[in-house]
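One structure is given here, and the rest of the page talks about it.
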Amino acid sequence: MPVKLKIDGELIEVEDGATLLQACEQAGKEIPRFCYHERLSIAGNCRMCLVEVKGIPKPMASCALSVNDLRPGPDGEPPEVFTESDVTKKARRGVMEFLLINHPLDCPICDQGGECDLQDQAMGYGLGVSRFAENKRAVEDRFISPLIRTIMTRCIKCTRCVRFIADVAGIGDLGATGRGEDVEITTWLDAATQTELAGNIVDLCPVGALTSATYAFRARPWELDKTPTIDVMDAMGCHIRVDAKFGEILRILPRECDAINEEWISDKSRHSFDGIQKNRLDTPWVRDENGQLRAASWEEAFGRIREAFPKDDPTRAAAIAGDLAAAEEAFALKALMEALGVPHVDGRPPHVPLGAAGGRAGWLFNPTIAGIDEADAILLIGANPRHEAAVLNTRIHRAFFERGALIALIGQPCDLPYEYRHLGETPDVLLDMADGKGAFLNVLKRAERPLIILGMGALMRPGGKTIHAAAARLAQAVGAVTDEWNGFGVLHTAAGLVGALEAGCLPGRGGRDTAGILRAAGRGDIGFVWLLGADDIDMSALGDAFVVYQGSHGDAGAHRADVILPGAAFTEKEVTFVNMEGRAQMTRLVTPPPGEAREDWAILRAAADHLGAELPFDSLDALRAKLYEKAPHLARLGAVAPADPAGIAELAALTPGRVSNRPLASPVADFWLTNPIARASRIMREMSRLSEPQGREAAE
């Protein structure tokens, strides 16, 4: 039932249970705050949000006061609140004066300058002078994370960082010690906080006590070119902003998007930016008669490809698209190979059966990322969401702690920030549940919104097709697929895979998948392989095949290649990535490609001319027009195109096959080094080293 109250003389209605601060904002009033944050629990420490409430003899902290607690006037009139009265202004000036007693006031040399809440609110609500002349307190800086620079003398004890680590990341290894003016924020035993989301507390800190170690003193915010774009470090498609100065990327920050990442990003998304500019391919290379790579011209590189391509028997050629290939690029690769008569094309990792049956419902995260907030029972199969999609994992954590969702795992145990029931490690546990056996089966059946999350660790193995079908049968058996709810979701690890599937980058008639291509190349049946950014396959399995590597970084594929064609990174082109839930989103150009590197679709179009193939597009717009003919929903940027749930039934009807009973394990062995950009990053390599036990001991 709505609650009525007057704010500065204006009568408004707010929803039951709202805080007074929320009511004031609904009325269009600006309320200063330091400790309050919309996505964190309420602390009420800073007192900056004080307002005057009629009938209460002292100003009240609006963030911690519910509108339900306000009493009506003696004649039954609605409660009255004053946000701009003399009492309110005097109270806020007093709070600001107290906050600044021990603050060092080092704004000219503070890296937070220009983005500091304390600086802004001191200008707006402070008195301008201070009556205190005592010596300021100094606090020892604390080690929180290698990625965070601390100046704890600036800390005003708002505890935003503590509440984020506990409430959102779910780790709880950051807290406050001491009492009174001796309170300090620190990790237990001064060790680094063990979370992949620590960089978010830098954004939350309102005073510059926590700043980014990788960005500190490199630029002022007004010097930066700020470009909104999409993250590709995982398959979530988080909204980010890339800040560059003079063409050099200096930092990456999150953008708010309630449907995907809310306002968080992982430390890999935030700090791998140096990898975009390191170890780059900026000119074509060819391997000479001595087996050494040397720089070459585009004409020479295409000439070598023309000589090596098996024109008389195109079935001896193949192509594989990698994890970071955009939808347009995967579509162009498939179009090029079709024009050349090559049936062996795949954009999936080895053995992954997605696309073989079930249609889009078989490969999407159907409940959507935001849909996790509705789930009341969750089964993880061969997945470690903490490392595969760290921001998505915060929603599972919230489902557990706020709504009491029951969680179970089939696969190797992993360190998750919530309790879960471990059902077993091997696929036979899933197969038994699909056949109606297992203790957790009843939990899923009783749930109103059961959610089954199938990880890529369950699919990237021989027999993945059987596991895929068993998970679909289980989803149907427990009522996870209904007209109102589709609780069957595939947790992807690669940003480009869903886009490749939507674009139809799959084997043609009689064509081999990625695993088949590798086997055939090892036997010598395939003698020409085009790798579009495919670095995470077994390069030794390619045997003596002639390899063309097209990509942005000198990773594993470039080392194996006979010809290297330099492509553009995701910050250097405007292309479409489709996240795990089927939401098409477009990156934006931040900096141009280095040297002679070109956009990947343009390289493929130029290759077609040199190989004598005709493609139905000559421009990016024409390419997209053809792509949208095949997948019209990709033209609706930012919108999720739901899949037909009938695909789950089709998938469940598949005849079971043989499957190895080795344990299901996440494919992400090292969170920090999952793609060529991350592996090129000095920061990510250092974090990978420190994440090992001996590295953590050295850091501490």
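Every value quoted in this text rests on a predicted model; they were computed, and no experiment measured them.
With a 4.5 Å cut-off on side-chain heavy atoms, Leu197 and Val391 count as touching. Between Ile252 and Tyr215 there is no side-chain heavy-atom pair separated by less than 4.5 Å. Under the 4.5 Å side-chain criterion, counting only non-hydrogen atoms from C-beta, Asn384 is not in contact with Val668. Taking the side chain as every heavy atom from C-beta outward, Leu293 and Val286 never approach each other to under 4.5 Å. Taking the side chain as every heavy atom from C-beta outward, His397 and Pro417 approach each other to under 4.5 Å. Contact annotation: the side chain of Pro507 never approaches that of Val345 to less than 4.5 Å [non-hydrogen atoms, C-beta and beyond]. Counting heavy atoms from C-beta outward, Ser212 and Leu147 have side chains that stay 4.5 Å or more apart. Side-chain contact between Thr587 and Phe577 is present, with heavy atoms from C-beta onward closer than 4.5 Å.
Ring planes of Phe528 and Phe546: parallel class, angle under 30° (limits at 30 and 60°).
Checked by atom type and distance alone, the side chain of Arg149 never pairs as donor or acceptor with a backbone atom of Asp111 at under 3.5 Å. No donor-acceptor pair closer than 3.5 Å links the side chain of Asp670 to the backbone N or O of Ser688. No donor-acceptor pair closer than 3.5 Å links the side chain of Ser272 to the backbone N or O of Gly275. Checked by atom type and distance alone, the side chain of Thr211 never pairs as donor or acceptor with a backbone atom of Gly208 at under 3.5 Å. Under the 3.5 Å distance criterion, the side-chain polar atoms of Asn279 are matched with a main-chain donor or acceptor of Gly554. Judged by distance alone, the side chain of Arg304 and the main-chain N or O of Arg287 form a donor-acceptor pair under 3.5 Å. The closest donor-acceptor contact from the side chain of Lys334 to the backbone of Leu506 lies under 3.5 Å. Side-chain N or O atoms of Glu502 include none that pairs as donor or acceptor with a backbone N or O of Ala584 at under 3.5 Å. Looking only at distances, a side-chain donor or acceptor of Thr229 sits under 3.5 Å from a matching main-chain atom of Arg588. Between the side chain of Gln550 and the backbone N or O of Asp600, at least one donor-acceptor pair lies under 3.5 Å.
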Show me the donor-acceptor pairs within less than 3.5 Å that the side chains of residues 557-570 make with the rest of the protein, sequence neighbours left out.
residue, atom, partner, partner atom, Å
Arg560, NH2, Gly543, O, 2.9
Arg560, NH2, Ala545, O, 2.9
Asp562, OD2, Val547, N, 2.9

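Rounded to the nearest 0.5 angstrom, Ser269 OG and Ile230 CD1 are separated by 11.5 Å. The CD1 atom of Ile240 sits 9.5 Å away from the CG atom of Asn261 when rounded to the nearest 0.5 Å. Between the CG atom in Asp535 and the NE2 atom in His553 there is a gap of 10.0 Å [rounded to 0.5 Å]. Annotation: the span from Thr571 atom OG1 to Leu589 atom CG amounts to 8.0 Å, rounded to 0.5 Å. Rounding to the nearest 0.5 Å gives a distance of 9.5 Å between CG of Leu690 and CH2 of Trp672. Once rounded to the nearest 0.5 Å, the distance linking CG of Leu380 with CG of Leu416 reads 7.0 Å.
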The test is side-chain contact (heavy atoms from CB on, under 4.5 Å); show your working for Val529 and His344 and say whether it passes.
CA-CA 9 Å; Val529 180; His344 315 303; over 6 Å; no
Would you please test Trp264 and Phe164 for ring-ring contact (aromatic ring centres under 6.0 Å, His included) and show each step?
CA-CA 10 Å; Trp264 322 122; Phe164 173 83; 4.8 Å; yes
How far apart are the C-alpha atoms of Asp621 and Ser619, what are their side-chain angles, what is the distance that settles it, and do they pass the side-chain hydrogen bond (donor to acceptor under 3.5 Å, both in side chains) test?
CA-CA 5 Å; Asp621 288 340; Ser619 66; 5.3 Å; no
Give the C-alpha distance, both sets of side-chain angles, the deciding distance and a yes or no for side-chain hydrogen bond (donor to acceptor under 3.5 Å, both in side chains) between Gln585 and Thr576.
CA-CA 6 Å; Gln585 304 178 111; Thr576 305; over 6 Å; no
Apply side-chain contact (heavy atoms from CB on, under 4.5 Å) to Met236 and Ile260, showing your working.
CA-CA 7 Å; Met236 285 190 64; Ile260 303 176; 4.2 Å; yes
Check against side-chain contact (heavy atoms from CB on, under 4.5 Å), Trp298 and Ile603
CA-CA 10 Å; Trp298 281 101; Ile603 295 174; 3.7 Å; yes
Check the pair Arg598, Glu572 against salt bridge (Lys or Arg N to Asp or Glu O under 4.0 Å), reporting the backbone distance first and the verdict last.
CA-CA 9 Å; Arg598 297 291 183 266; Glu572 298 160 358; over 6 Å; no
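Listed by chain and residue number, Ala219, Glu223, Leu224, Leu250 satisfy the side chain to side chain contact (heavy atoms under 4.5 Å, CB included) test with Lys245 (two or more places apart in sequence, or in another chain). Applying the ring-ring contact (aromatic ring centres under 6.0 Å, His included) test to Phe671 and every residue at least two apart in sequence or in another chain returns His387.
Checked for salt-bridge contact, Glu248 and Arg218 meet the test: a charged N lies under 4.0 Å from a carboxylate O. A salt bridge links Glu329 with Lys573: at least one charged nitrogen is closer than 4.0 Å to a carboxylate oxygen. A salt bridge links Arg348 with Asp346: the distance from a Lys NZ or Arg NE/NH1/NH2 to an Asp or Glu carboxylate oxygen falls below 4.0 Å. Residues Arg270 and Asp231 are not paired through a salt bridge, judged by the lack of any N-O separation under 4.0 Å between the basic side chain and the carboxylate. For the pair Asp258 and Arg39, the salt-bridge criterion is met [side-chain N within less than 4.0 Å of a carboxylate O]. Between Asp243 and Arg251, at least one side-chain nitrogen of the basic residue sits less than 4.0 Å from a carboxylate oxygen of the acidic one, meeting the salt-bridge criterion. Remark: Glu300 engages Arg294 in a salt bridge, criterion side-chain N to carboxylate O under 4.0 Å. A salt bridge links Arg386 to Glu196: at least one charged side-chain nitrogen sits closer than 4.0 Å to a carboxylate oxygen. Looking at Glu599 and Arg605, no side-chain N of the basic residue comes within less than 4.0 Å of a carboxylate O on the acidic one, giving no salt bridge.
Within 6.0 Å of CZ on Arg682 lie no more than 12 heavy atoms contributed by other residues, nucleotides or ligands. The local environment of CZ in Phe217 is crowded, with over 12 non-hydrogen atoms from other residues, nucleotides or ligands closer than 6.0 Å.
Here the shortest heavy-atom pairing between Val490 and Met456 reads CG1-SD, 4.1 Å. The minimum heavy-atom distance linking Gly237 with Asn579 is given by the pair N-CB, 4.0 Å. Considering every non-hydrogen atom in both Thr674 and Ala678, the closest pair reads N-CB, 4.1 Å. Taking each heavy atom of Leu253 and Asp203 in turn, the nearest pair found is CD2-OD1, 3.7 Å. When all heavy atoms of Asn675 and Val232 are compared, the closest pair comes out as ND2-O, 4.4 Å. Listed here is the closest heavy atom pair of Leu336 and Ala613: CD1-CB, 4.3 Å.
Side chains of Gln412 and Ser666: no donor on one and acceptor on the other come within 3.5 Å. Checking Thr150 against Asp141 by side-chain atom types alone, no donor-acceptor pair falls below 3.5 Å.
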